[in-house]
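Atoms within a ligand are numbered from 1 in the order they appear, just like the ligands themselves. One is the number of the first residue; the rest follow in order along the sequence. Not measured: the values here are computed from a predicted model.
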Amino acid sequence: MPDTAIVSAVTWAAGCDALHIVDQTRLPAALVQLSLTELHEMVEAIQSLRVRGAPAIGVAGGIGLAVIAMRAAVASPATFDAEVTSAAAALRRARPTAVNLAWAVDRVLAAGQVGGASPAIRARAMQDEAAAIFDEDVAMCQRIGGHGATLLRGGMRVLTHCNAGALATAGIGTALAPVYAMHARGDAISVFANETRPLLQGARLTAWELGRAGVPVTLLTDGMAASMMRDGRIDAVLVGADRIAANGDVANKIGTYGVAVLARHHGIPFYVLAPTSTLDPQTPNGESMDIEMREAQEVRAHGGVQTAPAGVAVHNPAFDVTPAALVTAIVTDAGVFHPPFHFTD
Ligand code: MRU
């Protein structure tokens, strides 16, 4: 299957005059590309999950800031500084849990701090840094795929939750990277995708991208994982991460913790796959993580159809924390890490 079958979340365009993303709110019905030039459009795209997945929002935030900087490059140094600083702050706070967003925005901002240089030179340095982050993300996904594949065998049936595939990165994904690597070399591998309520990233995105790439995929509702595991139909769990604390606690899409508990009960390996940009050694453990709370209406309705009583109380955290004790291994671009985990700068 040619690589063009794999659609990544963000694309790089030389000149950096716009942030180019796939509008993931339109999938699977339509594959629509957006070119965003305004800060408010970029922030809205991140908050409404047009672009989503930890590595992808990092890459998008970095490119977005570079786009703003390139446009401000003709302004006075003081105006340039003001525009770039406030854009960085707005992008950084668009979503709180995935550490990749703040990491990438801070990197691009820092690249523009060239003492005595003109705004044009500083903007060019920021563009180069955003391009580097994009390239690194593509390369990290490839390396995660190689390392992750060493943990799997042909014929395996893996379960995944949410979407940690190409649509969550600039490359071939994290949790799905070993799947793509094995599929490309002709190993049989099949995926069960949890639909992932409330926003259905598994149904809308994971099932779409794997199907398009020719990887066998079966969609499950979130409540099915337990009986699938008890019936011996799952060989391994592969998930991504939004933030990994120094002790190996993992924030990922709500429901991941439940899957980890089930995997442990059934003696099934639970693997977390993420780029090093998702490691956050400054956060000691999961208790210190800021978990994003989202709108109640995401749970009360879907696709514009009310599925619960209007006004019913709703609890809607976007992520949960899986304790390190339930994680069999963490796979990054740097290799495979087994417990006890201790990530440092
Ligand atoms: O709310 P989302 O869709 O951005 O949540 C995404 C996830 O939880 C992913 O599993 C995580 O970001 C890893 S993506 C490689």
Exercise. Do V327 and F341 have side-chain heavy atoms sitting under 4.5 Å apart?
Worked result: yes
Exercise. Got an N/O contact under 3.5 Å between C162 and ligand 1?
Worked result: no
Exercise. Can a donor-acceptor pair be found between the side chains of S190 and R157 at a distance below 3.5 Å?
Worked result: no
Problem set entry | Side-chain touch H265/R230, heavy atoms, less than 4.5 angstrom | no
Exercise. Does P55 have a non-hydrogen atom less than 4.0 Å from ligand 1?
Worked result: yes
For this session: Using a 4.0 Å heavy-atom cut-off, say whether R95 meets ligand 1 through its side chain, its backbone, both or neither.
Result: side chain
For this session: Tell me which protein heavy atom sits closest to atom 9 (C) of ligand 1, plus the residue, atom name and distance to 0.1 Å.
Result: N252 OD1, 3.3 Å
Seminar exercise, completed: Of all protein heavy atoms, the one nearest atom 15 (C) of ligand 1 is T174 OG1, 3.2 Å
Problem set entry | Under 3.5 Å side-chain donor-acceptor pair for N194 and T196 | no
Exercise. Same hydrophobic cluster for F134 and L109, using side-chain heavy-atom links shorter than 4.5 Å among ILVMFWY?
Worked result: yes
Seminar exercise, completed: One finds that the ligand 1 atoms under 4.0 Å from a non-hydrogen atom of Q201 are 1 (O), 2 (P), 3 (O)
Exercise. Salt bridge check: are D290 and R93 linked by an N-O gap of less than 4.0 Å?
Worked result: no
Exercise. So, Q282 versus D345: side-chain donor-acceptor pair below 3.5 Å or not?
Worked result: yes
For this session: Mind checking whether N163 contacts ligand 1 via backbone (N, CA, C, O), side chain (CB onward), both or neither, at a 4.0 Å heavy-atom cut-off?
Result: backbone
For this session: If you have a sec, work out which protein heavy atom is nearest atom 14 (S) of ligand 1 and how many Å separate them, to one decimal?
Result: A168 CB, 3.4 Å
For this session: Would you mind finding which of D242, T169, T278 brings a heavy atom closest to atom 7 (C) of ligand 1?
Result: D242
Exercise. What part of K253 sits under 4.0 Å from ligand 1 if we count only heavy atoms: the side chain, the backbone, both or neither?
Worked result: both
For this session: Measure from the side-chain N and O atoms of D320 to the backbone N and O of Y257, and report whether any donor-acceptor pair falls under 3.5 Å.
Result: yes
For this session: Starting from atom 6 (C) of ligand 1, find the nearest protein heavy-atom neighbour and note its residue, name and distance.
Result: R52 NH2, 3.4 Å
Seminar exercise, completed: One finds that the ligand 1 atoms under 4.0 Å from a non-hydrogen atom of A164 are 14 (S), 15 (C)
Seminar exercise, completed: atom 12 (O) of ligand 1: closest protein heavy atom, distance to 0.1 Å, is A54 N, 2.8 Å
For this session: Answer with side chain, backbone, both or neither: which part of A241 has a heavy atom less than 4.0 angstrom from an atom of ligand 1?
Result: backbone
Exercise. From S8 OG over to D137 CG, what is the distance, rounded to the nearest 0.5 angstrom?
Worked result: 8.5 Å
